[in-house]
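The structure under discussion appears below in the form of structure tokens.
Computed from a prediction, not measured in an experiment: that's the story for all the values here.
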Amino acid sequence: MKVSTILVGALAAVATAAPTSTPAATEKRVAFDLGSFNNFGFANQDLQYLLAINNFDLQAFAQLAAFNNLNIGGFQNLFVNNQFDINALLQLQQIALLSQLGGLGIFGNFDLSSLQLNVFDLGLIGGIGGFNVGSLIDQSLIPQIQTIIQQTQISSVVIKKE
């Protein structure tokens, strides 16, 4: 048996075993209050700055929650709290990755309700997650950071059918 035949067979088995939704995949499945997520605007200036310069697609992130059952409840504090620590950066990285993959359409009709997020355990060094990264930012940069945030057009998030 050729290696390519074995590989195609294995990939076909994985594809058929993956959870998918019903044919009505573009139907909104989950309702959530954008206001409880600060309308996907970060309360923390430094996180808002990172959003501005990296241009994360929060629309795609919201679409994953609404249409693919992605449980985003664990990210609520990231948007409403004014904290800029290592834990916030780890959560922001998850949002960035999910947004990019969602924007590419990779998740398609997959049901993401069983996806476990925010399970990164720092173990015995867990206290380091609360380290205030903002304390490392030179205070003289704050006016420039504010200017960049103000000049960057951050699009609002609207839940819609794809």
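A perpendicular orientation is assigned to the rings of Phe37 and Phe79, their planes being inclined by more than 60° (bins at 30° and 60°).
Crowding of Leu124 atom CG: a count of heavy atoms from other residues, nucleotides or ligands under 6.0 Å not exceeding 12.
Once rounded to the nearest 0.5 Å, the distance linking CZ of Phe40 with CZ of Phe56 reads 14.0 Å. How far CD of Gln94 is from CD1 of Ile72: 12.5 Å, rounded to the nearest 0.5 Å. Atoms CG and CG, from Asn68 and Asn109 in turn, are 7.5 Å apart once rounded to the nearest 0.5 Å. To the nearest 0.5 Å, atom CG of residue Leu101 and atom CZ of residue Phe110 are 12.0 Å apart. Of the inter-residue distances, the one linking Leu64 atom CG with Gln59 atom CD reads 10.5 Å to the nearest 0.5 angstrom. The CG atom of Leu50 sits 12.5 Å away from atom CG of Asn55, with the distance rounded to the nearest 0.5 Å.
Residues Leu78 and Leu47 are in side-chain contact: their nearest non-hydrogen atoms beyond the backbone lie under 4.5 Å apart. Residues Tyr49 and Phe42 form no side-chain contact, since every pair of their non-hydrogen atoms from C-beta on lies 4.5 Å or further apart. Leu58 is listed as a side-chain neighbour of Leu51, based on a closest heavy-atom distance under 4.5 Å. Looking at Gln139 and Ile142, their side chains come closer than 4.5 Å, going by heavy atoms from C-beta outward.
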As a quick check of understanding, evaluate side-chain contact (heavy atoms from CB on, under 4.5 Å) for Ile145 and Asp46, giving each step before the final call. CA-CA 8 Å; Ile145 290 172; Asp46 298 314; 4.2 Å; yes

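Under the 4.5 Å side-chain contact rule for hydrophobic residues, Leu89 and Leu117 share a cluster.
Identified under the side-chain hydrogen bond (donor to acceptor under 3.5 Å, both in side chains) test for residues 76-90, with sequence neighbours left out: Asn44-Asn82.
Here the side chain of Asn38 pairs no donor or acceptor atom with the backbone of Val80 at under 3.5 angstrom. Side chain of Asn132 to main chain of Gly134: a donor-acceptor pair is present (N/O by atom type, distance under 3.5 Å, no hydrogens or angles).
Considering only residues two or more places apart in sequence or on other chains, Ser113 meets the side-chain hydrogen bond (donor to acceptor under 3.5 Å, both in side chains) condition with Asp111.
Of the candidates Gln45, Gln151, Gln48, Gln146 forms a side-chain hydrogen bond (donor to acceptor under 3.5 Å, both in side chains) with just one, namely Gln45.
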